[in-house]
Amino acid sequence: MLERIAMNQTRLRTPGLGLDAHGVALGSKGLVLLPSIDRLVAFLAAYTEQRSLEDVLSSLRIAVVQSSLKHREFLLEIAAESSSRMDAFAETARLVGGVIFTGTSRHFVQYRDRGAPFGYDAPELLNEQATYLLYHASFSQAFNIEREVELRALLLRLTPRVDPASKKEQGPRWIIAERGLGPALVHYLVRWEVPAEVSLAEWAPESSFETEPTQRYLFLVPEVPTRMVPMLGTTPGLTLCVPVAPGVAVESGFRHPVSLRAVPLFDPGGMVFFRGEGGPLVLDRLPAAADLRAFARVAILQREVATTKVAAKSVPILDVPLRVLHSVGASRQPTATWIDHSDFPLLRKLAYALPPRVLQTTQIALSDRGVFVRSPSGVDGIPLGTFFYEMHPGFYVPSGHELVPALSSRVLSSALALAAGNLVFFGTDAVASLIAESAFVPLEQMLVGAPIWTAVEAQSIVNFLDEKVPELSIEGLGLFPMRRAGKVPDDGSVEPKTEGTD
Amino acid sequence: MERTLAAQLFESFVAPATLGRKTRLLQPIGVRAAKTIGLGADSIEPELMREASIALLPVARRLAPVDVLCPPTRDDWTLFAAWHDLYVAAHPDWNTPLRRHLARRVLEHALVSAQGVGLPQTVSGALARHVWIAALRSVVRVDQTVTWWRGAETFRGVDPPARLLLWPTRRKVDVSRLQIDSASIFAGSALDKKAYDQVYSLCLALSPLTDLAVAHRANPPFAWTDASLALVSTTAGRTLVARAIRQWSEPLRAKARAILQVVPESVPKPARAAIEKLVNEVDL
């Protein structure tokens with residue numbers, strides 16, 4: 001049915017088929033014939049894994065074609081600009097079980113393969129009225145277009161696959177929050193000082209029975225703290241999405257079958273969220289966004305501030321006692337802990353498990369009230385005792401508490417008549433414990449007592465390895481030196497013998 | 001008695017030579033005792049034998065990857081006795097008018113003892129004998145010449161008396177030490193060079209690997225023997241010899257081809273081919 005094109009052959013019978021610079025038969029179009037939709041998706045997935053479709057996107061056309069026997073197949077049409085592009089398509093088509101053709105208007109012959117490096121020519125043409133007449137080494141078939149398939153619509157209909165690895169990828173995240181969860185998430189992120197932008201997006205009602213549009217909050221978080229990822233990914237009503245290409249994001253834990261970065265079909269001004277379940281959410285245009293801090297809860301005084309002129313005079317000391325109260329603000333990282341004597345054995349055991357960095361950076365002071373431990377990088381690694389954070393330099397307050405009135409460190413130092421080089425630890429009862437900073441020593445120095453050691457005498461290895469020359473010591477021969485040897489036997493000319501025969 | 005002699009020989013002569021200590025000579029052993037000395041090897045202190053074997057292991061490992069050395073055979077013991085008697089014959093105390101003939105008799109004992117020693121039958125046997133004999137051959141005698149304001153005196157293998165070293169500055173005492181290797185210790189003895197070299201060459205030829213490993217020696221010069229030809233005729237033996245020669249210093253290796261290719265006319269063709277192979281293997 002097909003003839004292989006020979007080297008230096010110039011005349012071809014198939015209309016619209018020419019030879020490129022390398023002598024390969026090539027039309028202006030390429031057709032990939034695929035038997036089913038899943039092969040088509042596999043073709044797109046395999047091709048976009050290695051290459052981008054950006055170059056062929058303008059000429060790309062997907063259609064469902066039907067033969068005269070009502071047999072349906074999928075046809076992907078591209079502009080065959082060069083044999084190298086066609087080779088790439090041919091390799092992928094062969095991989096997924098498709099067939100690739102080339103031609104210009106109606107007649108398409110099989111593209112070259114190993115059997116015919118310069119391609120094929122059809123000696124006999126079909127005389128049928130059809131959109132595509134395909135000539136293959138094993139068949140010739142006429143196809144008509146049944147309907148066209150838009151690539152963007154196809155991609156939107158594909159459901160993402162489960163891919164747990166995408167949860168570990170770093171980078172920005174989109175969070176889609178249902179309307180009821182939005183404000184709570186706003187305050188949660190504000191409280192933990194997570195920078196983000198928030199916007200409110202609207203979608204058309206999902207059914208004609210609903211009158212109001214569906215609203216969801218969209219958060220764009222440059223970097224989600226690792227500890228929040230499980231909560232954001234598993235809370236119903238929250239969807240954590242990973243941006244995979246401009247204008248496209250896929251839910252964390254899933255991956256779209258086609259590499260969307262290689263198919264620039266989506267408008268960067270809008271947004272498409274592919275969700276693992278529930279279908280994609282498409283926004284033609286991103287709504288206005290604002291910094292998250294603009295939504296933080298604010299407190300407004302109930303009354304206006306009265307401005308009354310008063311005469312300046314000396315103010316008597318009000319003598320307000322200091323109090324340590326529960327804090328309503330975000331808790332700060334604890335940098336010190338007070339461990340009671342009863343927990344001291346636990347600290348000893350814990351010392352074996354502490355990493356070197358903690359041992360080096362942590363300082364410890366022993367007192368009659370217990371052990372004070374502090375570390376500028378945090379004492380999270382020592383889960384013992386009462387945690388403190390450094391409210392002002394040198395002033396430690398229990399975690400989750402604050403000192404009221406909120407005095408500055410200067411005033412506090414003055415009120416406590418504090419000398420330089422002292423640290424103050426306030427208990428929950430507002431009783432201050434004063435301890436000299438010089439009393440703190442590195443934890444690693446405090447851990448080990450005098451180790452048991454045994455002196456080992458080092459020997460010089462050089463002398464050991466030296467090759468000593470044996471020296472012959474000459475001593476006297478004695479009075480009768482020949483007593484043992486005597487005379488040489490007359491039969492002394494012993495015959496040479498072999499070893500062991502003696 | 002025999003047992004005691006083997007232990008005495010090992011403790012005073014063989015073991016110190018392997019361990020780099022001062023060796024001490026016994027009275028001449030003689031042919032009869034040399035033949036049976038190996039029977040008493042069981043009485044040697046095992047710890048000393050183990051220490052000597054461990055000291056020799058690095059020497060063997062320069063040539064072959066061995067972990068255990070074969071213990072000395074009875075022939076090895078006879079050869080030890082021959083080397084001992086060779087050194088005893090070179091004792092300077094024989095050099096008196098009444099004892100000079102005794103030195104030659106001791107040398108004859110050494111010669112006859114050596115003539116009764118068989119050649120090693122395996123390459124591993126050759127290697128084991130080599131490490132022991134190389135140690136015995138490495139023995140040196142330190143001669144000290146003391147000069148003072150009115151005279152000079154040479155002490156062969158013994159320390160000069162303390163009285164001669166008194167007041168070194170005032171008496172202008174000067175002591176020079178000279179190491180005499182085993183091939184030259186006949187100097188100052190009652191022996192002549194030719195007789196000593198004959199026995200020395202024979203003792204060396206009985207350990208063909210040692211003979212070839214020190215083929216660069218000046219005195220007595222190397223000559224191919226049946227034992228050395230037999231060794232290089234085997235592939236394994238040739239490999240050991242090639243490794244030994246590769247350890248020579250660069251100037252000596254330059255002369256190796258000239259040393260090894262001096263082959264008597266009587267040597268058959270296969271042996272000549274083996275020598276040629278050895279020369280190529282050493283990549284001279």
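Each chain gets a letter, A, B and so on, in the order its sequence line appears, and its residues count up from 1.
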Inset, instruction - State the CD-NZ distance between E475(A) and K22(B), to the nearest 0.5 angstrom. - result: 9.5 Å

Inset, instruction - Give, as side chain, backbone, both or neither, the part of I185(B) having an atom under 4.5 angstrom from any heavy atom of chain A. - result: side chain

Legend entry - Distance (rounded to the nearest 0.5 Å) between I474(A) CD1 and Y87(B) OH: 11.0 Å

Legend entry - CD (Q50(A)) with more than 12 external heavy atoms under 6.0 Å: no

Legend entry - Interface moiety of H109(B) toward chain A, non-hydrogen atoms closer than 4.5 Å: both

Legend entry - Inter-residue atom distance L26(B).CG - R484(A).CZ, 0.5 Å rounding: 6.0 Å

Legend entry - Residue among L19(B), D93(B), T18(B), V88(B) with most heavy-atom pairs under 4.5 Å to chain A: D93(B)

Legend entry - Heavy-atom pair of closest approach, residues A485(A) and G30(B): CB-CA, 3.7 Å

Inset, instruction - Return the minimal non-hydrogen interatomic distance between V469(A) and S138(B), and the atom names on each side. - result: CG1-O, 3.8 Å

Inset, instruction - Return yes when atom CG of D226(B) has more than 12 non-hydrogen atoms of other residues, nucleotides or ligands closer than 6.0 Å, and no otherwise. - result: no

Inset, instruction - Could you check if a side-chain atom of R32(B) sits within less than 4.5 angstrom of a side-chain atom of P489(A), using non-hydrogen atoms only? - result: yes

Legend entry - Side-chain touch L472(A)/R24(B), heavy atoms, less than 4.5 angstrom: no

Legend entry - Exceeds 12 heavy-atom contacts within 6.0 angstrom, atom CZ of R61(B): yes

Inset, instruction - Verify the neighbour count for atom CZ of R100(B): are there more than 12 heavy atoms of other residues, nucleotides or ligands below 6.0 Å? - result: yes

Legend entry - Over 12 foreign heavy atoms within 6.0 Å of CZ, R217(B): yes

Legend entry - Beyond-backbone contact of T23(B) with E471(A), side-chain heavy atoms, under 4.5 angstrom: no

Inset, instruction - Heavy-atom distances under 4.5 Å only: say whether P92(B) touches chain A with side chain, backbone, both or neither. - result: side chain

Legend entry - P16(B) versus chain A, the contacting section by heavy-atom distance below 4.5 Å: backbone

Legend entry - Residue pair R105(B) / V488(A), side-chain heavy-atom distance below 4.5 Å: yes

Legend entry - Proximal component of A135(B), with respect to chain A [non-hydrogen, under 4.5 Å]: backbone

Inset, instruction - For residues G478(A) and Q27(B), report the shortest heavy-atom separation together with the two atoms involved. - result: CA-NE2, 4.4 Å

Inset, instruction - Heavy-atom distances under 4.5 Å only: say whether R21(B) touches chain A with side chain, backbone, both or neither. - result: backbone

Legend entry - Enclosure of R227(A) CZ (heavy-atom neighbours >12, cutoff 6.0 Å): yes

Legend entry - Nearest non-hydrogen partners of A17(B) and P470(A), listed with the distance: O-CG, 3.4 Å

Legend entry - Heavy-atom contact with chain A under 4.5 Å, split by part of R99(B): side chain

